[in-house]
Protein chains: 2
Amino acid sequence: MAAPTLRDVAKRANVSIRTVSNVVNGYAPVSDELRARVQAVLDELGYRPNLIARNLKQGRTGMIALVVPELDVPYFAELAREVIKAARTRGYVVMVDQTDGDVERERELLGRDSRATMFDGLLLSPLAVTAEELRGRGNKVPIVLLGEHIFNGSFHHVAIDNVAAAREATAHLLDLGRRRVAAIGDQPYATGETAQLRTAGYRQAHARAGLDVDEGLVVATPHFHRRLGAEAMERLLALPEPPDAVFCYNDLLALGAMRALTRAGRRIPDDVAVVGIDDIEEGQYSTPSLTTIAPDKGEIARTAVDMLLESINGSAATPTETVVPHRLIVRDSTAGEPV
Amino acid sequence: MAAPTLRDVAKRANVSIRTVSNVVNGYAPVSDELRARVQAVLDELGYRPNLIARNLKQGRTGMIALVVPELDVPYFAELAREVIKAARTRGYVVMVDQTDGDVERERELLGRDSRATMFDGLLLSPLAVTAEELRGRGNKVPIVLLGEHIFNGSFHHVAIDNVAAAREATAHLLDLGRRRVAAIGDQPYATGETAQLRTAGYRQAHARAGLDVDEGLVVATPHFHRRLGAEAMERLLALPEPPDAVFCYNDLLALGAMRALTRAGRRIPDDVAVVGIDDIEEGQYSTPSLTTIAPDKGEIARTAVDMLLESINGSAATPTETVVPHRLIVRDSTAGEPV
DNA sequence: CATGATGTCTGCAACGTTGCAGAGCCCTCA
DNA sequence: TGAGGGCTCTGCAACGTTGCAGACATCATG
């Protein structure tokens, strides 16, 4: 049996469709008596408003889309959690999609994919899409970018200060007296803007400490997964003069690096200290626990959702860049007892 | 400027709205010449179909909802990834929501929350909702349950054989010669069905090996997070006769337990061997790497999505219970060199 | 040449809802 | 007593799309 509509309720209650609608929404004044009668029929038939019809009428859906590279990367999972939570308190639900780092899929979402018409707005954590592509897209769905620092001034955008974060992480290692600090995660090509910002911060920390960077200690990785962290670390350990500390561009790389260190019999942090970025929960329970730069994910999510909703409601016309705070959390991988 | 509609295109191309629709959808035959002319206008105006209107007309949205307790729990994140992937290959997108283990939110989703009318179907990984509540719900949105083994026969449902999985995990420890095998994660109350199935498997393994279970080694935890695994392990280590192995009801508990063991200076697996369930990626990179029971998450997702779509299309009338395969993956936490 | 088949194209209605304008009705007050 | 105003309630139209039935022209066929 099909779901009951306003028409069904109206017929049974002997009132107009419009009145039933008014009772459901509490819009116009309805006498207590009639309201009660209509409500009884609503309950009896188990009426539930058809949101699709309502959306068509109102031109909005109450849904936003969140697009991340990979949902099973802990950072994105934790961020998604916060986004869903923030959206919910504002009456929105979240459609989640992942691009798997596929530029083509990112482009589809912005361009031809008419699926986008179903959402009031889009939160995008871009991997490869460029500013020009974003600018060139025809569709006018409001968009807020997450976690990148590029596209200066062209789009609403929320991120941490990547240069400062990387600088602080590196400085922490230098402050501990380490003098051969490696970096894992550089991406010296067009789509690696974030990585490059972190490399810049790494260099800044050295410069401020009056130290030179040994270019052989800067290892590039095409993505930020555990395996590449482990492989990079193995390569670093094979150097004639291996590092005594390593700054990884995210926690997964760091966890992979720690795994490689443990396997190789190096002690953390005695032989090699390790720092990451992201503060994923896993790093609190790793052995040793991981020192990291913690972006305020809840703040990122709330800010981004607020920006998007403002943008949807037409208020926030000029693109805003918001920098969300981060902080260094020192754990055993730099300051603990050796394991 | 508002998005162009079929009407706008029709007016500009001097044809009927219906013909434009036919060109867009390729439904009815349209002469090549006219098709080209209409297509030109479509491109010129950048027409994109309004999916909300299409959905209203067709009564389906091409969206399904996935509801999990917590998206940032790695198992659910990995599962969500597979669900989104499976849905995409079938032309569906996925709205993700999390209940935070809140029974009330689970109920809302099934009951009054009219949001549900926006989705063609619902994939639910229930924590606390009971069979009666599910049966009693008024709404008729097709539903498929994930990962529980309860509600026998009443609902479409996909899961691994929890009893067998737990039995195999425990048997693996017993086969290694361990004789004081603890269990972390029992939930001896109404909403803990899955945990109870795993406890049953743990007991079966002992029974088959002709061994008694020391009830003091079965530790209950209200949920399955790292911290509780660590706390439970600490309590076990404080026993006069601590265990020489521990079967944890999921990988997070196991990782927490390993953390507690390492902190306490116990060697894994020499002093205490550890097994989990879920095969989350983190367990491959932990120190030591974690032996676990791996459910086939891709298969779970594909099966669940297929079931749901069949259910949506009205073909699968009788509730189906599908058991998805799992396998034991032996890693260093039971078989490796001590660390 | 009449007939029917085929190939293109069109208008109407409807999906379920809400915005708008207004219709009754009762009450108040001059 | 009648004008005006407030309170309820209603009907129409529309959101943008597609299903349906049919119009019209063309063509092959007997």
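By convention in this document, chain letters (A, B, ...) are assigned in the order of the sequence lines, proteins followed by strands, and residues within each chain are numbered from 1. Heavy-atom basis, side chains included; hydrogens, waters and symmetry copies ignored.
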Taking salt bridge (charged side-chain N to carboxylate O under 4.0 Å, His left out) as the definition, give me every residue that meets it alongside A:R302, ordered by chain and number, with sequence neighbours left out.
A:E299
Does A:R18 have any salt bridge (charged side-chain N to carboxylate O under 4.0 Å, His left out) partners at least two apart in sequence or in another chain, and if so, which?
none
Name all pairs fulfilling the salt bridge (Lys or Arg N to Asp or Glu O under 4.0 Å) condition that reach into residues 22-38 of chain A, sequence neighbours left out, sorted by first residue then second.
none
Just jot down the side chain to side chain contact (heavy atoms under 4.5 Å, CB included) partners of B:E70, sequence neighbours excluded, or say none.
A:R81, B:D72, B:V73, B:D100, B:H225
Residues two or more places apart in sequence or in another chain: which of them pass side chain to side chain contact (heavy atoms under 4.5 Å, CB included) with B:I17?
B:L6, B:R7, B:A10
Are B:L124 and B:V144 packed together at the side-chain level, in the sense that at least one heavy-atom pair is separated by less than 4.5 angstrom?
no
Residues at least two apart in sequence or cross-chain that pass side chain to side chain contact (heavy atoms under 4.5 Å, CB included) with A:E82, listed by chain then number, are A:K85, A:K297, A:A301
Expected string for nucleotides 13-19 of chain C under the B/S/- scheme (protein heavy atoms, under 4.0 Å, primed atoms plus P, OP1, OP2 as sugar-phosphate) is -BBBBBB
The helix from C:dC1-D:dG30 to C:dA30-D:dT1: angle between end helix axes, five pairs per end, rounded to 10 degrees
60°
Excluding sequence neighbours, so at least two apart, what forms side chain to side chain contact (heavy atoms under 4.5 Å, CB included) with A:D306?
A:R90
Look at A:T19 and D:dC9 and indicate whether a side-chain polar atom (N or O) is within less than 4.0 Å of OP1 or OP2.
no
Round to a whole Å and report the spacing from CG of A:L34 to P of C:dC25.
16 Å
